[in-house]
Structure formats: C-alpha cells, structure tokens
There are 2 protein chains.
Amino acid sequence: MGVTKTHMFTVRQNELAQVAKVLAHPARIAILEYISKQEGCICNDLVDVIGLAQPTISQHLNEIKKIGLLKGTFEGKNLCYCINEERWEELQQSFQVFFSNINFNCC
Amino acid sequence: MGVTKTHMFTVRQNELAQVAKVLAHPARIAILEYISKQEGCICNDLVDVIGLAQPTISQHLNEIKKIGLLKGTFEGKNLCYCINEERWEELQQSFQVFFSNINFNCC
DNA sequence: TTTTAATATTGCAATATTACGATGATATAA
DNA sequence: TTATATCATCGTAATATTGCAATATTAAAA
C-alpha cells in the first residue's frame, strides 16, 4: 500500500505530521538554516552551498514552500526569498504545544 | 534513487531530520498523544484506539522506539511502556533550538 | 532579437515507507 | 499440556520519496 490513512486522524495530527515531513530531510533543514544565516534574502547560491543538483534543490524548496515557510519572488530569473516569519512562529508554536502536552506518569 | 545523501550534511542536521521523520506520520503523533493522555503505562489497547492493524501499530511503535522515545518492557505478552522523559525533553530542546535560531532579515 | 543565466518541470531509476495477512514467539489461563 | 491472548517478524503489494539528466520557461543582458 504505502498510502497513509489520513482520515483516521485529526486535522491537527495530520498537519503536524505534514510539517514534520518537510523537516524530515537534512537537505531541507540545511536549506532553512542557510537562509536563516544570511543577512537578507537568498538569491541564487543555494545549489553551490548545499551540494545537490539544481532540480533536486528546486524540489526541496517546493516542499518547504508548500507549507508556507517561504516568501518572496519565485518566478523566472533571480529568485529571491526568505523565511515567512508568521508561518515560522506558527509552526514553532505547534511543536511547542505538542512537546509540552505530554505526561510522564510512568512505569 | 530515493536514497538520502546524508554524508553531505552535519550529524545534527541528520539527527534532527531523523526525529522529524518519526513525527512525520499522523499515526505516530496519535500514538504519542494517546500514551501521554494515560494515567500510567500503556498496555494492549493501542490497536483498538488507533484503528490500524496490529502489525502496522507494531511497526510504528518500532520507529518511535528507534529514536529512544519509549521505555518499558517490550517482550512477550502484555507489553507495557510509556514515554522516556529524558529523551523527550532532549528532542524538545533540539526543536526549540532549531526554531529559535532563525533570522528574519527579509525582503 | 539573440544570447545567457537562473529556476521550473518532466521523466525515470533506485530506494523507502505504509499497510496488512500469515505466521512465529512468548507468557498466562484453563 | 493445551488453549488463548498479545506482540513481533516476514513477505509482499501499493505508493511515496529522492535524485538527477534532459528539457522548458523566464527575464534580463548584449
């Protein structure tokens, strides 16, 4: 099968899992961290920095875009973008809540 | 190919991605949340609660175990386990740091 | 307009993930 | 000992992910 049974879970559980999936690749972690370290927006140099082929980087960027974590201009030549602050903090909050709502009344 | 080029990234980036991968499935989110809601340890009822087949649940539990998030007894009948508090807080910390070290000097 | 540079899309091969039936192992109950 | 109940493992089918070569698209430069 290989297909996740999303209907069995809550919207929130599915959304959290979806965001985690985007973070579930070191290249995407590296991309986000690299963008973050820059003074301003990112233009061009990601392919050289990460060391994967250009189509591969493009694909990874697309995954990150899908969950709303990037903003900027995306068409044609000289793409420029950076991290969407509102969305970032929203996701940070989601993980925060997830990690904080766990009990340890244990064996 | 389908194989991640882990050698291109730092150990920390790979580890964070690996943990995110475990969280990247709603069933595993649901399992963790269900265990958390219980008074004590979990015994038996996970299959009924989540609604996936027993081998599937077993597989998901194994993924969670792999990153050290569960403790308890795992052999034979009447498996009992709960969340490993130290490891949980360690991972919480990792995500916290990841989400906090991002800059937004943007376009 | 033609070239050039940067990014996107397509198509494909290799591998990973998800799910479950069948079966095996283990421990308690009868 | 013989069920029975619980969890693990194996094998397999369906689908998803990763990565890249080839190619297309786009916008600015020449």
Side-chain angles (χ1 to χ4, degrees), chain A residues 1-9 13-14 17-32 34-35 41-67 70-82 107, chain B residues 1-9 13-14 17-32 34-35 41-67 70-82 107:
Chain A
M1 314 190 166
V3 64
T4 296
K5 298 191 162 178
T6 53
H7 63 280
M8 298 183 132
F9 310 101
Q13 286 169 337
N14 280 306
Q18 205 190 333
V19 173
K21 194 179 263 182
V22 172
L23 301 181
H25 195 293
R28 294 192 287 262
I29 298 282
I31 287 171
L32 286 167
Y34 179 71
I35 298 177
C41 290
I42 288 302
C43 300
N44 309 340
D45 51 355
L46 215 41
V47 173
D48 301 323
V49 172
I50 303 293
L52 293 172
Q54 179 267 325
T56 309
I57 297 289
S58 190
Q59 262 181 137
H60 282 308
L61 279 173
N62 219 270
E63 297 299 311
I64 301 174
K65 260 186 255 170
K66 270 188 201 161
I67 57 165
L70 295 180
K71 70 175 181 181
T73 45
F74 297 112
E75 321 93 76
K77 198 185 156 188
N78 280 69
L79 160 138
C80 281
Y81 51 88
C82 55
C107 40
Chain B
M1 308 185 170
V3 64
T4 297
K5 297 193 162 178
T6 53
H7 63 280
M8 298 182 132
F9 309 101
Q13 286 169 337
N14 280 305
Q18 205 189 332
V19 172
K21 194 178 263 182
V22 172
L23 301 180
H25 194 294
R28 294 192 287 264
I29 298 282
I31 288 171
L32 287 167
Y34 178 73
I35 298 176
C41 290
I42 287 302
C43 301
N44 311 340
D45 52 353
L46 214 41
V47 172
D48 300 324
V49 173
I50 303 292
L52 293 171
Q54 179 267 323
T56 309
I57 296 290
S58 192
Q59 258 183 140
H60 281 308
L61 279 173
N62 220 270
E63 297 299 312
I64 302 175
K65 263 186 254 169
K66 270 188 202 160
I67 57 165
L70 295 180
K71 70 175 180 183
T73 45
F74 296 111
E75 321 94 75
K77 199 187 158 190
N78 280 67
L79 159 139
C80 281
Y81 50 86
C82 56
C107 38

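Distances shorter than 4.0 Å separate some side-chain N or O of A/His60 from OP1 or OP2 on D/dG19. Residue A/Ser58 places none of its side-chain N or O atoms closer than 4.0 Å to OP1 or OP2 of C/dT7. Applying the 4.0 Å criterion to OP1 and OP2 of D/dC7, one finds that B/Lys65 has every side-chain N and O outside that range.
A donor and an acceptor atom sit less than 3.5 Å apart, one in the side chain of B/Gln59 and one in the base of C/dA19. Contact annotation: side chain of A/Gln54 to base of C/dA6, donor-acceptor pair absent below 3.5 Å.
Within 6.0 Å of the CD atom in B/Glu63, the count of heavy atoms belonging to other residues, nucleotides or ligands exceeds 12.
The interatomic distance linking A/Glu63 (CD) with C/dA8 (P) rounds to 13 Å, in whole Å. The CG-C1' distance, from A/Leu46 to C/dA6, rounds to 13 Å in whole Å. In this structure, CD1 of A/Ile50 is placed 17 Å from P of C/dA6, rounded to the nearest angstrom. Taking atom CG on A/Leu52 and atom C1' on C/dA8, their separation rounds to 17 Å, with Å as the unit. The interatomic distance linking B/Ile57 (CD1) with D/dA8 (C1') rounds to 14 Å, in whole Å.
At least one side-chain heavy atom of A/Leu70 sits under 4.5 Å from a side-chain heavy atom of A/Ile35. Residues B/Val22 and B/Lys66 are not in side-chain contact: their nearest non-hydrogen atoms beyond the backbone lie 4.5 Å or more apart.
Between A/Lys21 and A/Ala53, it is A/Lys21 whose nearest contact on DNA chain D lies nearer the 5' terminus. The residue among B/Asn62 and A/His25 whose nearest nucleotide of DNA chain D lies closer to the 5′ end is B/Asn62.
Between the A/Arg28 side chain and the A/Lys21 main chain, a donor and an acceptor come within less than 3.5 Å of each other.
Using bins of under 30°, 30° to 60° and over 60° for the plane-to-plane angle, the ring pair B/Phe9/A/His25 lands in the perpendicular bin.
When distances are taken from the side chain of B/Pro55 to each of D/dT18, D/dT17, C/dC20, the shortest belongs to C/dC20. Counting only heavy atoms from C-beta on, A/Thr56 has its side chain closest to D/dC20 among C/dA19, D/dC20, D/dA8.
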